[in-house]
Amino acid sequence: MPELPEAETIARGLRAPVEGGTITGVSVLHADLVEMGPAALVRGITGAIIEAVGRRGKNVVLRLEGGDHLVVNLGMSGRLLWRPAHDPSPPPSHPGVVFRLRPAAQTPNPRAAPEGELVYHDPRRFGRIRLLTQGAYRTWSRSLGPEPLSRGFTARRLALELARSRTPLRSWLLDQGKVAGVGNIYASEACHVARLHPALPASEVDAAGARRLHRAIRRVLAEAVEGGGTTLRDYRTAQGWEGAYQHSLRVYGREGEPCPRCGRPVRRIVFSNRSAFYCPRCQPELPNDG
DNA sequence: AGTGTATCCTGCAGGC
DNA sequence: TGCCTGCAGGATACAC
């Protein structure tokens with residue numbers, strides 16, 4: 001899934017319909033999606049007002065009145081879909097949890113205001129929904145690395161952290177404790193933009209490489225947010241639309257196609273059981289190769 | 001510490 | 001058409 005740009009796009013699309021709304025009911029269709037169990041979720045959020053919709057890493061976060069946070073990790077195939085009342089479009093095929101909402105905008109007769117639904121949809125059910133108290137949320141958030149699009153994510157900090165690990169760069173980037181929100185697609189894309197081999201040990205990235213990587217991560221993620229995310233198969237925005245960034249991918253999923261920089265065929269390698277895509281010419285094995 | 005493997009699941013593409 | 005295999009954006013636990 002959904003990596004940072006997809007979670008960000010979903011969060012943005014939920015703000016208008018959801019913020020300020022009240023959760024009037026919850027239906028849990030797949031209990032395995034709810035970390036603390038359906039009963040505790042229903043008890044914990046029914047009647048709560050959603051104060052803000054945000055994102056942390058790849059997670060969509062609903063901040064509730066009173067300080068609790070509803071954290072949604074979309075796994076591989078999760079969607080968060082806003083369905084206005086009386087929406088004529090067909091309902092989601094794999095609903096897992098349905099939140100019924102009374103919108104913030106008060107009509108003259110609030111009881112007449114139609115409810116909408118926020119549907120968590122997830123065919124593979126790798127996603128997880130959890131309700132955290134304010135303190136638990138802070139603890140969880142601190143376990144994640146910096147937000148790559150925030151000011152706290154600096155080239156200097158990145159260089160210092162890279163130097164501490166010999167794990168392959170792609171694996172390092174997938175570690176949510178190092179940088180929050182990068183997944184397999186954008187890890188390959190960022191490595192390509194930075195001209196660093198995905199299997200290069202992190203500590204072998206030199207100072208110039210770390211500066212390029214810092215810029216590349218931010219550029220790729222920001223571009224993908226602008227494109228509304230990457231739809232390969234499952235991802236949709238909160239409105240059910242596909243993203244557009246799949247048309248702008250440089251190397252991910254493009255084995256054998258020409259590198260957009262030099263024209264050499266893109267290669268695919270597998271390590272840690274996952275594919276990485278790279279250009280053998282632009283991203284040589286060793287930092288001072290080629 | 002880091003890596004490979006397996007696990008949770010379903011859907012889909014490709015080969016036969 | 002149908003069966004089988006492999007693969008997929010994530011996260012975690014385990015053995016080595």
Side-chain angles (χ1 to χ4, degrees), chain A residues 1-11 29-35 55-60 71-80 92-97 120-130 140-141 143-145 148 161-192 198-205 217 220-221 223-225 227-237 241-256 268-277:
Chain A
M1 151 162 155
E3 307 181 24
L4 183 154
E6 291 74 33
E8 177 65 28
T9 303
I10 290 168
L29 290 79
H30 281 289
D32 52 346
L33 295 169
V34 179
E35 192 174 75
R55 176 193 60 74
R56 180 77 172 97
K58 303 172 182 177
N59 305 271
V60 176
V71 176
V72 181
N73 182 295
L74 300 114
M76 290 279 239
S77 58
R79 300 178 185 172
L80 270 173
S93 56
H94 295 75
V97 180
Y120 181 66
H121 166 280
D122 189 355
R124 292 179 73 179
R125 304 206 304 282
F126 284 180
R128 286 295 176 275
I129 295 175
R130 46 192 161 167
W140 169 77
S141 181
S143 75
L144 299 178
E161 293 295 321
L162 286 168
R164 298 175 55 180
S165 170
R166 292 195 54 77
T167 202
L169 183 53
R170 196 278 311 264
S171 304
W172 193 94
L173 289 168
L174 292 187
D175 183 344
Q176 299 302 293
K178 302 293 199 297
V179 181
V182 178
N184 209 32
I185 295 176
Y186 301 111
S188 273
E189 294 296 298
C191 286
H192 180 263
L200 182 70
S203 56
E204 290 186 26
V205 177
I217 291 168
V220 163
L221 294 176
E223 282 177 1
V225 169
T230 298
T231 297
L232 297 181
R233 173 171 298 168
D234 295 304
Y235 162 69
R236 295 293 185 281
T237 70
W241 306 330
E242 295 190 357
Y245 198 70
Q246 61 275 17
H247 304 300
S248 303
L249 295 175
R250 295 159 176 86
V251 289
Y252 186 87
R254 302 198 178 281
E255 182 180 16
R268 181 175 78 99
I269 52 172
V270 176
F271 57 96
S272 303
N273 277 325
R274 309 190 74 184
S275 294
F277 298 86

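Numbers restart at 1 for each chain; the letters A, B, ... are given by sequence-line order, proteins then strands.
A salt bridge links Asp32(A) with Arg125(A): the distance from a Lys NZ or Arg NE/NH1/NH2 to an Asp or Glu carboxylate oxygen falls below 4.0 Å. Comment: Lys58(A) does not engage Glu6(A) in a salt bridge, judged by the lack of any side-chain N to carboxylate O separation of less than 4.0 angstrom.
Not a single salt bridge (Lys or Arg N to Asp or Glu O under 4.0 Å) links Arg274(A) to another residue, sequence neighbours left out. Under the rule for a salt bridge (Lys or Arg N to Asp or Glu O under 4.0 Å), the partners of Arg236(A) that lie at least two apart in sequence or sit in another chain are Glu242(A). In this structure His121(A) satisfies the side chain to side chain donor-acceptor pair (under 3.5 Å) test together with Ser93(A), sequence neighbours excluded. Residues forming a ring pair (Phe, Tyr, Trp, His ring centres under 6.0 Å) with Tyr120(A) (at least two apart in sequence, or on another chain): none. By the ring pair (Phe, Tyr, Trp, His ring centres under 6.0 Å) test, Trp241(A) is found to be paired with no residue, residues two or more places apart in sequence or in another chain being considered. Not counting sequence neighbours, the partners of Ser171(A) by the side-chain contact (heavy atoms from CB on, under 4.5 Å) test are Thr167(A), Pro168(A), Phe271(A), Ser272(A). Partners of Tyr245(A) by ring pair (Phe, Tyr, Trp, His ring centres under 6.0 Å), not counting sequence neighbours: none found.
Taking every side-chain heavy atom of Ser275(A) into account, dA8(C) is the closest of dA11(C), dA8(C), dG9(C).
The distance from atom CZ of Arg56(A) to atom C1' of dA11(C) is 16 Å, rounded to the nearest whole Å. Protein atom CG of Leu33(A) is 14 Å distant from nucleotide atom C1' of dG10(C), rounded to whole Å. Between Ile10(A) atom CD1 and dG9(C) atom P the separation is 17 Å, expressed in whole Å. Atom CZ of Arg274(A) and atom C1' of dA8(C) are 9 Å apart (whole Å). Rounded to an integer number of Å, the gap from CG of Leu232(A) to C1' of dA13(B) is 14 Å. The CG atom of Leu174(A) sits 6 Å away from the P atom of dG10(C) (whole-angstrom rounding). One interatomic measurement links the two molecules: CZ of Arg79(A) to C1' of dG9(C), which rounds to 13 Å at whole-angstrom precision. The distance from atom CE of Met76(A) to atom P of dA8(C) is 8 Å, rounded to the nearest whole Å.
Among the heavy atoms of the strands, none lies under 4.0 Å from Tyr186(A). Heavy atoms of Asn73(A) sit under 4.0 angstrom from primed sugar atoms or phosphate atoms, though from no base atom.
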For residues 177-184 of chain A, which side-chain donor-acceptor pairs fall under 3.5 Å, sequence neighbours excluded?
from	atom 1	to	atom 2	distance (Å)
Lys178(A)	NZ	Asp175(A)	OD2	2.9
Asn184(A)	OD1	Arg170(A)	NH1	3.1
Asn184(A)	ND2	Ser275(A)	O	3.0

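Rounded to a whole angstrom, the distance from the P atom of dG2(C) to that of dC9(B) is 27 Å. Across dG4(B) and dC7(C), the matching P atoms stand 16 Å from one another, rounded to whole Å. Annotation: dA6(B) and dT5(C) have their P atoms spaced 16 Å apart (nearest Å).
Between Lys58(A) and dG9(C), a side-chain N or O to OP1/OP2 separation shorter than 4.0 Å is absent.
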Would you tabulate the nitrogen or oxygen pairs shorter than 3.5 Å linking the protein to nucleotides 2-6 of chain B?
from	atom 1	to	atom 2	distance (Å)
dG2(B)	OP1	Ser165(A)	OG	3.1
dG2(B)	OP1	Arg166(A)	N	3.0
dT3(B)	OP2	Thr167(A)	OG1	2.7
dG4(B)	OP2	Ser272(A)	N	3.3

Heteroatom pairs (N/O) under 3.5 angstrom, protein to nucleotides 8-12 of chain B:
from	atom 1	to	atom 2	distance (Å)
dC9(B)	O2	Arg124(A)	NE	3.0
dT10(B)	O4'	Pro123(A)	O	3.4
dG11(B)	OP1	His94(A)	NE2	2.6

Derivation of the side-chain hydrogen bond (donor to acceptor under 3.5 Å, both in side chains) call for Tyr186(A) and Thr230(A): CA-CA 10 Å; Tyr186(A) 301 111; Thr230(A) 298; 2.7 Å; yes
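Stem regions for DNA chain C, each three or more consecutive Watson-Crick or G-U pairs with both distances under 3.5 Å and listed by first number, read B:2-8 with C:10-16, B:10-16 with C:2-8.
Sorted by first and then second residue, the salt bridge (Lys or Arg N to Asp or Glu O under 4.0 Å) pairs with a member in residues 180-189 of chain A read Glu189(A)-Arg250(A); sequence neighbours excluded.
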